[in-house]
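Encoded as structure tokens, the structure appears first; notes follow it.
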Protein chains: 2
Amino acid sequence: MAASTLSEVARLAGVSLATASRVLNGSSRKPAEDIAERVREAADKLGYVPNAQAQALAKSSSGLIGLVVHDIADPYFSAIARGVQEAARQQNRMVLLASTTGTPADEKEAVGAFAARRADSIVIAGSRSVREEDKQGNAELAAELDRYCRNGGHVGVVGHPVVGATAAEGYHVVEVPNEELASGLAEELAATHHGGFLIIAGPEGLYTSDDRVRGFQRGLADAGRPAAEVVRTGFNRAGGFEAGKALAERIKGSSDRLCIFAVNDVMAIGVTAALRPEGVWIPRDATVAGFDDIETLRDFRPALSTVHLPLEDIGRLAAGDPDTAPISGTVKLRRSTETPVESQL
Amino acid sequence: MAASTLSEVARLAGVSLATASRVLNGSSRKPAEDIAERVREAADKLGYVPNAQAQALAKSSSGLIGLVVHDIADPYFSAIARGVQEAARQQNRMVLLASTTGTPADEKEAVGAFAARRADSIVIAGSRSVREEDKQGNAELAAELDRYCRNGGHVGVVGHPVVGATAAEGYHVVEVPNEELASGLAEELAATHHGGFLIIAGPEGLYTSDDRVRGFQRGLADAGRPAAEVVRTGFNRAGGFEAGKALAERIKGSSDRLCIFAVNDVMAIGVTAALRPEGVWIPRDATVAGFDDIETLRDFRPALSTVHLPLEDIGRLAAGDPDTAPISGTVKLRRSTETPVESQL
DNA sequence: GTCATGTGGGAAAGCGCATTCCCATTGCCA
DNA sequence: TGGCAATGGGAATGCGCTTTCCCACATGAC
């Protein structure tokens, strides 16, 4: 990538470098109109494109905002990414994307790369974890973030603080009331469902999952119900599918109608998909609820009961857009948890 | 964003700038081990993070790859984005993201921004259009791309060339055999479906949509079937939904079982969703096929007949990954176009 | 002991731009 | 008309780094 430079433009226009810079890149000093016109003409003729790298170097601000997600093709993350993108657009910045496999070590690397590019701020969208195997990775990630913040960077984290991060300045957590919402979901479900409950959760130590589990149990307790059994599996569709497969026989063998809470929508879809070929129908033989209210899944049938999360707003907020309200969600009861009509009872 | 600089590291280590650079940033000349160690220690103590902007400026290569999509939250684009991301990772580059609203004017702006950042290459994933209202935008976009290519940039476009782009050097189109695949789909459908066909297409002038329509018609013709009626609507779920609503009465009033081809999956989902509350069931009262085979939609029921496209590979290929095979797709017939069993006829 | 050869560190010149000074004009008032 | 402030263009510096070129020194052969 080479291109014509500002000094070439200046020479062609017969002005100094300083003047050319002032004309083309919005300085506070406005050269006279006739000169400006000459410079603009020269720039146009040469097809001048300012070198943002050099500009960034000169005024030490890159106009970049880094986004760390586990998987950009996951609808949860891509919805957040859209929000971040919008905020960036408003702030006249560009989004740098890094997909990690979800391990803190990868995330640390991504943060390092963003820091190297002198991103003005960094958004971390993946769920935090306290699992033992992530311990060292978390520590390193935290150190990297601390350093970045100390150097004047801004960090927005979705959900939970990065474990071990201590930087106060520039560190910003977008709180997602997972626990409260899950509790609310449990209470609403308990109002119409009289059988047992079961939770399909992600691996222990994943904050988002743990919060939702805790909240759901609390909601059940508040409704005077016994705690639900918790099954742990992968935090994705495959995990839900697997859990569903394992559950099928049990559901078929029992007369109790089980209400299954999968801690996110794609897991709920996985469960449902696994159950269907086994002849277990939702909501006839069991009911299922998810969490997130993923847009692409809205047309799924039976319509999934879930908790709506304003993912775009979350992204916007994490990217530092100030005029977004704090995050709240809404319980959405749909067909997948409907009580069967009396005649079927 | 300020941070400690290389010269600070050099001073602390008691070596010259050149030596420090050689130690820390992989030069061909390797300083002696004891010196190198001293430099590394100093860098570590200062928390040195190389300034990628300055590096890019000095060696004129940014390590950036720009990605232009219409909407990152659209599963079609996010799947491509994943591929681009993977390729970038392999090439040790980072992805710069730009979402546009789909108008060429926006895309032009994005390309300009990428050029300013001296991105090594640019991937344009949105569908090309020849609509009259896009004419000027297209021309400007083409000019911007040409300029970028002349300056040594690489461009990868998914599907069709940008209208009017003339740069030969560095311009690379990932061919997607939309027409052939749509034709194949039509033929396979015609083998079992004996009623009429109808196509729900995007706006006229959208290459992707037009190609698929043309291919489908050709396939029908090859199978000795009359051409299908074409309904034009938005190229998204909303468009499909609208078309579905408009179609419901007609389907209910006719004894002929219609086979509906929506030119992409989300439109097909939209159609199905619109038809369902009207009492028109798929595949009982009509059949529906889509195109793309979006992963998130796989669990949709009735399972959608569609054409599988290796979206990740497309992204990888557009991002310049050479070890990806040329793009081909596969027709996937599923439940949504199944012929009813005889008893139901 | 001398000279060719090689090794490895340092000085300095940019990369493309913003910005701070500096200086030549001009306009204005006394 | 002289003097002062304001105006606006230009030279030069530096942002943080890579890389070329130079030089000091060590090594080996003759």
Side-chain angles (χ1 to χ4, degrees), chain A residues 1-40 42-43 46-64 113 115-120 151-152, chain B residues 1-40 42-43 46-64 113 115-120 151-152:
Chain A
M1 276 304 308
S4 48
T5 72
L6 188 57
S7 49
E8 287 172 29
V9 174
R11 193 176 333 129
L12 180 61
V15 300
S16 79
L17 196 60
T19 305
S21 168
R22 292 198 262 254
V23 171
L24 296 175
N25 301 54
S27 144
S28 55
R29 278 181 61 174
K30 298 281 168 207
E33 188 47 41
D34 55 334
I35 290 200
E37 191 48 37
R38 264 217 325 275
V39 173
R40 273 191 290 267
L46 290 175
Y48 170 72
V49 177
N51 186 326
Q53 314 261 8
Q55 290 185 330
L57 189 56
K59 48 183 179 188
S60 57
S61 151
S62 62
L64 253 27
R117 293 231 140 72
R118 299 299 187 265
D120 296 331
N151 288 336
Chain B
M1 275 304 308
S4 50
T5 72
L6 187 57
S7 50
E8 288 172 27
V9 174
R11 193 177 333 129
L12 180 60
V15 300
S16 80
L17 199 59
T19 305
S21 169
R22 291 198 263 255
V23 171
L24 296 175
N25 301 46
S27 146
S28 54
R29 279 181 60 174
K30 298 280 167 208
E33 188 46 41
D34 54 334
I35 289 199
E37 191 47 39
R38 253 203 353 259
V39 172
R40 273 192 290 266
L46 289 175
Y48 170 71
V49 177
N51 186 325
Q53 313 260 8
Q55 292 185 334
L57 189 56
K59 48 183 178 188
S60 57
S61 151
S62 62
L64 252 26
R117 296 231 137 76
R118 298 300 186 265
D120 297 331
N151 287 337

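The sequence lines fix the lettering, A, B, ..., with proteins before strands; numbering per chain opens at 1.
Residues A:Leu24 and A:Pro50 have side chains not in contact (no heavy-atom distance under 4.5 Å, counting atoms from C-beta outward). Annotation: side chain of B:Asn51 is not in contact with side chain of B:Thr5 (no heavy-atom distance under 4.5 Å). Here the side chains of A:Gln53 and B:Leu64 are in contact, with some heavy-atom distance below 4.5 Å. Counting only heavy atoms from C-beta outward, the side chains of B:Asn151 and B:Arg118 never approach each other to under 4.5 Å.
Summarising the local packing, CZ of B:Arg40 is surrounded by more than 12 heavy atoms from other residues, nucleotides or ligands at distances under 6.0 Å.
In this structure, A:Ile35 atom CD1 and D:dG9 atom C1' are separated by 7 Å, rounded to whole Å. Rounded to an integer number of Å, the gap from A:Leu6 CG to C:dT19 P is 12 Å. Per the geometry, CG belonging to A:Leu57 stands 13 Å off C1' belonging to C:dG14, to the nearest Å. Atom-to-atom, NZ of B:Lys59 to C1' of D:dT20 comes out at 16 Å; the value is rounded to the nearest Å. Remark: C1' of D:dT18 and CG of B:Leu24 are 13 Å apart, rounded to the nearest angstrom. In this entry the distance linking CG of A:Asp34 with P of D:dT7 reads 17 Å, nearest Å. In this structure, B:Arg117 atom CZ and C:dG16 atom P are separated by 17 Å, rounded to whole Å.
For the pair A:Val9 and A:Ala43, the tightest heavy-atom approach, listed with the atom from each and the gap, is CG1-N, 3.7 Å. Contact detail for A:Ser4 and A:Leu46: the closest heavy-atom pair is OG-O, 3.2 Å. Closest of all the heavy-atom pairs between A:Ser62 and A:Ala56 is CA-CB, 3.9 Å. Heavy atoms only, all atoms of each residue included: B:Leu57 and A:Ala54 are closest at CD1-CB, 3.9 Å. Pairing each heavy atom of A:Val15 with each of A:Ala20, the nearest pair is CG2-N, 4.1 Å.
Heavy atoms of B:Ser21 sit under 4.0 angstrom from at least one base atom.
An OP1 or OP2 oxygen of C:dA18 is reached within less than 4.0 angstrom by a side-chain nitrogen or oxygen of A:Asn25. Under 4.0 angstrom from either OP1 or OP2 of D:dG16 there lies no side-chain N or O belonging to B:Ser7. The phosphate of D:dG9 (OP1 or OP2) has no side-chain N or O of A:Thr19 nearer than 4.0 angstrom.
Annotation: the terminal axes of the helix from C:dG1-D:dC30 to C:dA30-D:dT1 meet at 50°, where each axis is the rotation carrying the C1' atoms of four end pairs onto the next four (5 pairs per end, rounded to 10°).
Distance alone, capped at 3.5 Å, places no donor-acceptor pair between the A:Arg117 side chain and the B:Ala52 backbone.
Heavy-atom distances under 4.0 Å link DNA chain D to B:Tyr48, B:Pro50, B:Asn51, B:Ala54, B:Gln55 of residues 48-56 of chain B, given in residue order. A heavy-atom distance below 4.0 Å to DNA chain D is reached by these residues of residues 10-18 of chain A, ordered by number: A:Val15, A:Ser16, A:Ala18.
Judged by atom type and distance alone, B:Arg22 reaches the base of C:dG10 through a side-chain donor-acceptor pair under 3.5 Å.
The line from CD of A:Glu37 to CD of A:Glu33 is 6.0 Å long, rounded to the nearest 0.5 Å.
The nucleotide whose nearest atom lies closest to any side-chain atom of A:Ala58 is, among C:dC17, D:dG9, C:dT19, C:dC17.
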